[in-house]
Number of protein chains: 2
Amino acid sequence: MTERTVEGTAGRRRGKRPTMLDVARTAGVALRTVSRVVNDDPTVGQDLVKRVRAAIVTLDYEPDERAQQLRRGVSGTIGAAVRNLADAHPVLSAIDQAARKAKLTVLAMSTEDEEQREREAVMSMCRKRVDGIIIEPISANHQYLAPEIEAGMPVVAFDRPTGGVPADAVLSDNAAGIGTAFRHLVQHGHNRIAYIGDHERIFTGRERAASFRACVTANGGPLEGMVHAGAVEPARIASALTTAFDGPTPATALITGNVATTVEVLRYLGADAGRIAIVAFDDFLLADLLRPALTVIAQNSATIGRTAIELLLARAADPTRPVQSVTVPVELIPRGSGELRP
Amino acid sequence: MTERTVEGTAGRRRGKRPTMLDVARTAGVALRTVSRVVNDDPTVGQDLVKRVRAAIVTLDYEPDERAQQLRRGVSGTIGAAVRNLADAHPVLSAIDQAARKAKLTVLAMSTEDEEQREREAVMSMCRKRVDGIIIEPISANHQYLAPEIEAGMPVVAFDRPTGGVPADAVLSDNAAGIGTAFRHLVQHGHNRIAYIGDHERIFTGRERAASFRACVTANGGPLEGMVHAGAVEPARIASALTTAFDGPTPATALITGNVATTVEVLRYLGADAGRIAIVAFDDFLLADLLRPALTVIAQNSATIGRTAIELLLARAADPTRPVQSVTVPVELIPRGSGELRP
DNA sequence: GCACCTTGCGATAACGTTATCCCGAGAATA
DNA sequence: TATTCTCGGGATAACGTTATCGCAAGGTGC
């Protein structure tokens, strides 16, 4: 099958890359010496270094990282299992940049919001012997990770914690975010505020809904018809909006619990969006171009990504350190929609 | 340095993963037999398969892909060097899905729109011996890839072609897109149409600006003050808009050449955006939520990604096939902004 | 009853690196 | 001059797989 090209000189063969041995032969030195030159070992004479370098250039030699990793025992790569690769993912970007600073490559895989895919992706990373895994969990149960963690694989979760397995985590301050949003709306004259967000079986949905309920209760307001947590689908959003804003004592303001919900709400409201005050959890590109521009609770993606890498490196350095959960502050960005009066 | 835990049984050691040899010893068979079981070789007796499987489970053995790759010669991974990992990237997502169907893992790296980073990322992929590289080029010159392509590395570019090196490419039909946008605006009563887009040293900027000029000329309209190609920065966008719309014979419609330009234009126009007709090249999330909703020329990201993988696989299968450039149709999606009358 | 295949499994050599030895040659010391 | 010490560099053994052999049993042909 493989076509074999006749080679006159010690030139390149199609489909077959030169190895250290080829370089060594071309330079007329031992294999080990080439390795030394490649790794900048100072115990090689200048003339030999030159010879080897020249051979490397003429052969276009590039070391095989797989072999290096196998031999060295570390891969210089960390895996990042994120929920979605298609949409904007500022945290992944921050992870990538922080990793690069630490001389690490990021292998990003999408879990497509499916538990099955998450597991496949993560186990695939383990088979690649990555030096650590950063995961934006979908599963509620990460038992399948137990042997890996046991074997010393550093695992850090972000946005949501892992379930059933001890792992570091970096989370946004959901409670503070909802609280800030609520108070902001109250300060602008609202006392009937509704919440629409994700399903409560999802960690963030649960935390945000719970915080919202606490805010309403603390504010002395009624809860009924004001809290709508569930799947993000147009029909549910529509009925939630109808319940909250078309009843006998309608809400005048709305807090949305995540980007997907926000988008669906805006789609449904259409031109009516300008008539109710909205604070949205999570910022997104172009939120400032909407009319009215969207007031948001922005998560600090850069800090989240950076912290995730820091936690990963810390655990890699000391596998026995206690499991840590870092909470990253959020920030309210007023743009107009949250400052509308009732 | 390495702490050595005393082991009584053949159990797990912290930080040291079990290998095939460990499995073999536990199962009481030869190393080679474990390999056979792992690879579903049918020439192993049922009882031995069971013994080995049991040992694999008790040890939590996971094969080391690096060693597999090294031995097999293929990595089962393709690299994708994209311009940006932070923003939405539907093509990357399509590549990921198509690759998964072909049992391939995607290693995505961001070039951050910098030539230097592109080169680093791509060379890093080569050192990892990926089975192919999909690249969204930043550089105009890809000479550095010549040795890799020579050595048989399949390379496919998308969005823009590679420079100075023969590689397959999948491109959007920029000319048709601009033509469609132009005719759409003409049909809605505009005959003074302006274009603001990317710098013409960038392939897509060049193609789109050229097509626009051709459209204007064919339509018998004047060109001066109507074509603005250059860096995407607020100041330039502002002056371009002023020139086009505040002159003695102002334009009544606008075609924007890429997402970044579109966003800057909308930011600058603010509430005035509703007063001029706009068709934007490239669709983006939430374009339908703007007021007026944005009429766009949408690229077919799914097809682009899928085609890129197809070209890659085809080249991997037959390295001698002629270099091919595929053009993917674009589609005008009317949403309101492009249907405004003068 | 012996040659001849299958079948089932084990020893061993790669894959392309790096790390551990080890040795020869010169410099420094007695 | 003989001896030790450094220093530069070469064999060679891993790393964890898979592929090529080869070798025993056991079944079938004459």
Side-chain angles (χ1 to χ4, degrees), chain A residues 1-2 13 15-53 55-56 59-77 126-131 151, chain B residues 1-2 13 15-53 55-56 59-77 126-131 151:
Chain A
M1 262 319 145
T2 319
R13 289 170 293 169
K16 185 75 178 166
R17 318 207 34 138
T19 78
M20 270 196 176
L21 196 57
D22 298 323
V23 175
R25 278 201 273 257
T26 304
V29 299
L31 170 62
R32 183 68 182 91
T33 301
V34 179
S35 172
R36 274 190 261 256
V37 171
V38 168
N39 293 352
D40 289 321
D41 190 315
T43 74
V44 185
Q46 279 308 309
D47 46 343
L48 276 200
V49 171
K50 257 184 217 152
R51 284 234 304 277
V52 171
R53 288 251 149 81
I56 287 177
L59 292 182
D60 283 314
Y61 168 76
E62 291 283 347
D64 187 325
E65 271 193 17
R66 298 169 304 180
Q68 289 182 324
Q69 292 174 14
L70 186 60
R71 182 62 240 233
R72 290 186 173 136
V74 294
S75 68
T77 304
C126 291
R127 281 193 299 273
K128 289 180 193 311
R129 299 295 189 267
V130 294
D131 293 337
Chain B
M1 258 320 146
T2 318
R13 290 170 290 172
K16 185 73 178 165
R17 315 203 43 134
T19 78
M20 269 194 176
L21 195 58
D22 297 324
V23 176
R25 278 199 274 257
T26 305
V29 299
L31 169 62
R32 184 67 184 92
T33 301
V34 179
S35 172
R36 275 191 262 257
V37 171
V38 168
N39 293 355
D40 291 322
D41 190 314
T43 75
V44 185
Q46 279 308 310
D47 48 342
L48 275 201
V49 170
K50 259 183 213 154
R51 284 232 306 277
V52 171
R53 287 251 148 81
I56 287 177
L59 292 181
D60 283 315
Y61 167 75
E62 290 283 346
D64 187 326
E65 271 192 18
R66 299 170 303 182
Q68 290 182 322
Q69 291 174 15
L70 186 58
R71 183 59 241 235
R72 289 185 173 139
V74 293
S75 68
T77 305
C126 290
R127 281 193 299 274
K128 290 181 193 307
R129 299 293 189 268
V130 295
D131 293 336

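Just so we're on the same page: letters track the sequence lines, and every chain starts at 1. Being a predicted model, the structure only gives us computed values, none of them experimental.
- Look at CE on B:M20: it is 12 Å from C1' on D:dA19, rounded to the nearest Å.
- Distance B:R51 CZ to C:dC9 C1': 12 Å, rounded to the nearest Å.
- A sub-4.0 Å separation between OP1 or OP2 of D:dG9 and a side-chain N or O of A:R32 is absent.
- Dashed line: the shortest gap from a side-chain N or O of A:Q68 to OP1 or OP2 of C:dT18 is under 4.0 Å.
- For A:R17 against B:A151, the heavy-atom pair with the smallest separation is NH1-CB, 4.4 Å.
- Residue side chain A:R71 reaches the base of C:dT18 through a donor-acceptor N/O pair under 3.5 Å, judged by distance alone.
- A:L31 approaches A:L21 most closely through the heavy-atom pair CD1-N, 3.7 Å.
- Although no hydrogens or angles enter the test, the distance criterion places a donor-acceptor pair under 3.5 Å between the side chain of A:Q69 and the main chain of A:S75.
- The nearest whole Å value for the distance from the CD atom in A:Q69 to the P atom in C:dG16 is 15 Å.
- Scanning residues 36-49 of chain B for heavy-atom distances under 4.0 Å to DNA chain C yields B:R36, B:T43, B:V44, B:G45, B:L48.
- Within the 3.5 Å criterion, the main-chain N or O of A:R36 finds no donor-acceptor partner in the side chain of A:N39.
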Test log, rule salt bridge (charged side-chain N to carboxylate O under 4.0 Å, His left out), inputs A:D47 and A:R53:
CA-CA 10 Å; A:D47 46 343; A:R53 288 251 149 81; over 6 Å; no

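- In this entry the distance linking CZ of A:R72 with P of C:dA19 reads 7 Å, nearest Å.
- Between B:R129 and B:V34, it is B:V34 whose nearest contact on DNA chain C lies nearer the 5' terminus.
- Computed from coordinates, the B:Y61 OH to D:dG16 P distance equals 10 Å when rounded to whole Å.
- In this structure, the nucleotide among D:dT17, C:dA11, C:dT18 sitting nearest to the side chain of B:A30 is C:dA11.
- Residue contacts for A:S35: at a heavy-atom cut-off of 4.0 Å it reaches a base atom on one of the strands shown.
- Taking the side-chain contact (heavy atoms from CB on, under 4.5 Å) definition, one finds that B:R71 meets it with nothing, sequence neighbours left out.
- Rounding to whole angstrom units, CG of residue B:L21 and P of C:dA11 are separated by 11 Å.
- Spacing between atom CG of B:L59 and atom P of D:dG16 amounts to 14 Å, rounded to whole angstrom units.
- When all heavy atoms of B:V38 and B:Y61 are compared, the pair lying nearest together is CG2-CE2, 4.1 Å.
- Remark: C1' of C:dA14 and CG of A:L70 are 13 Å apart, rounded to the nearest angstrom.
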